[in-house]
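The next block holds one structure in the form of structure tokens; read it before the comments.
Protein chains get the first letters and strands the later ones, always in sequence-line order, with residue 1 at the start of each.
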Amino acid sequence: MIITRFAPSPTGNLHIGGARTALFNYLYAKHCNGKFLLRFEDTDAERSKEEYAVQIRESLRWIGINWDNEDIPYQSKRLHIYESYKNHLLEKGLAYHKDGAIFLKGKDNVEDFVIWRSDGMPIFHFTVVIDDHEMNVNCIIRGVDHLTNTDKHKIIYDYLGFPKPEWFHIPLIVDENNKPLSKRRDDASVTFYQEKEYLPEAVMNYLARLGWGHENQEIFSEQELISMFDVHKVSKNPAKIDLKKLNWLNAQYISKAEPSFFTKYSKYQNIQKAVDHATRSEICKECMKKLQAKAFSLEELNGLLAPFVNDFLADENLLNEHKVFILSLLPQIKKTLENIPQDKWTEHEIDEKLSQLVENNSITFKDIAMPLREIMTGQKKSLGIGEILFYLGRKTVLSRLHIL
RNA sequence: GGCCCCUUCGUCUAGUGGUUAGGACACCAGGUUUUCAUCCUGUAAGCAGGAGUUCGAUCCUCCUAGGGGCUGCCA
């Protein structure tokens, strides 16, 4: 059985590169019907903080990366284990004291190196090998920054008589200048995407496509990723982060989501109201879907839905440049719409009647569409005018018209 | 410096010893349209360079260049 792991050190929030590493480990383990484990490497007591460990877990869960071990090992609590292995190596003469630290004898072009600090704490190279072995990790997917370290790790595996895992080193995520994404950049932290309220589905999809691809497919559900992802096919060259593509993916996911998908975003009241309507009415659902297709973010969707789920009072100020013109036409518009009975209130009929009105007055459809849209929604960006009037409903439309 | 890794459109990638080197994002130009957006169509854009192997190399080998990593009692 394939067992992978993600082993961050809790010295900061989850880095987007770390998230991708975790994702690849997760996807590959699931792909192989194996297990994906989480572990915290906190032997650097100075910089490690529990709050970061909490944050990292939350970010992983947010993306949708779930680990299989309920008890997450913290290396700082396993010192006695490393201690016994260290003593073993000392006894066998493979390690030795020097200047208060403990060095391991190198071989194969690797010089002797420290495995135990003079302050009494073990070094990462040592703990990582022991833990991976004890956790039965047999497939290690990590950043290329660890590539050279692997030589040291192999020596430890040999000295301790552990069977070696398989290593895969994935390239880093880099910035515009091909430099590894600095931790200081806002968009380097997963919390940035959480705060911006990107859909986690879009983030997972985006991350998976960074360094990997499958034929001409761009949109992958989690299940598709699990069934198609193969760590052997991950590209070897660094991937540049591209928020434009993420934004596009985010819009795709918003557009395709079912109304019920949005219930977890409770802070967006208009969206919640719309979901409520949509579950009871096919027409409301249709309206919501059309607005979803226009939104790039949840915030934008919430705004677009506002005039459809709330009372809205048209304000003359909205009309600005159209004001004089549209006010002169308003009586006719009202009359035209009033003459459409409730049972004929359809998008087609509305468009038809408005077109006639336009024709009779020798103006263009455009001349009334925009002002009407603003009267009905208070927005310049919304659906087609026929759609707006239809979805709003005859009663609401007439009442909004009578305001002026 | 030493050791190591990488190199397909601007970006993310697909791909093969013989392809018009494919897709997507972005970009640009048209079209539709009633706003914005979508949508549709199209343009432009790439195998880092040089040798070698081969009938034939984007693909295999070597070299060079460029980029990156490691070279910590950080991880």
Report the base-pairing partner of [N] (Watson-Crick or G-U wobble, both distances below 3.5 angstrom), or none.
N     : result
B/U71 : B/G1
B/A65 : B/U7
B/G52 : B/C60
B/C28 : B/G42

[X]/[Y] aromatic ring centres below 6.0 Å:
X        : Y        : value
A/Tyr85  : A/Tyr159 : no
A/Tyr157 : A/Trp167 : yes
A/His153 : A/His125 : yes

Report the C-alpha distance between A/Lys233 and A/Asp230 in whole Å, list the side-chain angles of each, state the deciding distance to 0.1 Å, and finish with yes or no for salt bridge (Lys or Arg N to Asp or Glu O under 4.0 Å).
CA-CA 6 Å; A/Lys233 303 205 72 175; A/Asp230 182 353; over 6 Å; no

Write down the distance between [atom1] ([X]) and [atom2] ([N]), rounded to a whole number of angstrom.
X        : N     : atom1 : atom2 : answer
A/Ile173 : B/G68 : CD1   : P     : 17 Å
A/Leu357 : B/U34 : CG    : P     : 15 Å
A/Tyr96  : B/C73 : OH    : P     : 12 Å
A/Phe220 : B/C25 : CZ    : P     : 14 Å
A/Leu372 : B/U34 : CG    : C1'   : 10 Å
A/Asp351 : B/U34 : CG    : P     : 9 Å
A/Lys179 : B/C6  : NZ    : P     : 19 Å
A/Ile115 : B/C73 : CD1   : C1'   : 12 Å

Toward the 5' end of RNA chain B, by each residue's nearest nucleotide, A/Pro8 or A/Glu347
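The residue mapped nearer the 5' terminus is A/Glu347.
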
Specify the residue among A/Asp99 and A/Gln217 whose closest nucleotide of RNA chain B lies further upstream toward the 5′ end.
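Result: A/Gln217.
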
Would you say A/Glu387 and A/Tyr391 make side-chain contact, with heavy atoms under 4.5 Å?
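Yes, close enough: below the 4.5 Å cut-off.
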
Do A/Ile170 and A/Arg142 have side-chain heavy atoms sitting under 4.5 Å apart?
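Of all side-chain heavy-atom pairs linking A/Arg142 with A/Ile170, none is under 4.5 Å.
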
Separation of the [atom1] atoms in [N] and [M], to the nearest angstrom:
N     : M     : atom1 : result
B/C4  : B/G46 : P     : 34 Å
B/C9  : B/G50 : P     : 16 Å
B/U43 : B/A57 : P     : 30 Å
B/C59 : B/G68 : C1'   : 24 Å
B/U19 : B/U11 : C1'   : 24 Å
B/U58 : B/G52 : P     : 14 Å
B/G69 : B/A75 : C1'   : 14 Å
B/C6  : B/A44 : P     : 34 Å

Side-chain donor or acceptor of A/Lys380 under 3.5 Å from a matching atom on the base of B/C36?
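Not at all, since no donor on one side and acceptor on the other fall under 3.5 Å apart.
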
Measure distances between side-chain N and O atoms of A/Ser118 and base N and O atoms of B/C73, and say whether any donor-acceptor pair falls under 3.5 Å.
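Present.
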
Taking A/Arg394's backbone N and O only, do any of them form a donor-acceptor pair with A/Gln342's side chain (distance below 3.5 Å, no angle check)?
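Judged by distance alone, no pair lies under 3.5 Å.
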
Can you tell whether the side chains of A/Glu197 and A/Lys264 come within less than 4.0 Å, N to carboxylate O?
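Judged by the 4.0 Å cut-off on N to carboxylate O distance, A/Glu197 and A/Lys264 do not form a salt bridge.
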
Distance-only check: which donor-acceptor pairs under 3.5 Å involve side-chain atoms of residues 347-356 of chain A, not counting sequence neighbours?
from	atom 1	to	atom 2	distance (Å)
A/Glu349	OE2	A/Lys353	NZ	2.7
A/Ser355	OG	A/Asp351	O	2.7

For the side chain of [X], starting at C-beta, report the closest nucleotide among [options].
X        : options             : result
A/Lys294 : B/G68, B/C36, B/C74 : B/C36
A/Lys381 : B/G69, B/A24, B/A37 : B/A37
A/Ile123 : B/C74, B/C70, B/U38 : B/C74
A/Lys236 : B/G68, B/U7, B/C73  : B/U7
A/Leu147 : B/C4, B/C70, B/C73  : B/C4
A/Ile385 : B/C36, B/C25, B/U34 : B/U34

Looking across every strand, which nucleic acid part, if any, lies under 4.0 Å from [X] by heavy atom: base, sugar-phosphate, or nothing?
X        : value
A/Leu354 : nothing
A/His169 : nothing
A/Asn149 : base
A/Pro171 : nothing
A/Ser9   : sugar-phosphate

With a cut-off of less than 4.0 Å, is there a side-chain N or O of [X] near OP1 or OP2 of [N]?
X        : N     : value
A/Thr43  : B/A75 : yes
A/Lys366 : B/U33 : no
A/Arg142 : B/G69 : no

When you compare the protein's N or O atoms with those of nucleotides 8-15 of chain B, which come within less than 3.5 Å of each other, and at what distance?
from	atom 1	to	atom 2	distance (Å)
B/U8	OP2	A/Asn237	ND2	2.8
B/C12	OP1	A/Lys240	N	3.0
B/C12	O2'	A/Arg209	O	2.7
B/C12	O2	A/Arg209	NH2	3.3
B/U13	OP1	A/Gly211	N	2.5
B/U13	O5'	A/Gly211	N	3.4
B/G15	OP1	A/Lys233	NZ	2.8

Distance (rounded to the nearest 0.5 Å) between A/Arg185 CZ and A/Ile16 CD1:
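CD1 of A/Ile16 is found 11.0 Å from CZ of A/Arg185.
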
Distance-minimising heavy-atom pair for A/Ile363 and A/Val358:
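Of all heavy-atom pairs spanning A/Ile363 and A/Val358, the closest is O-CG1, 2.8 Å.
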
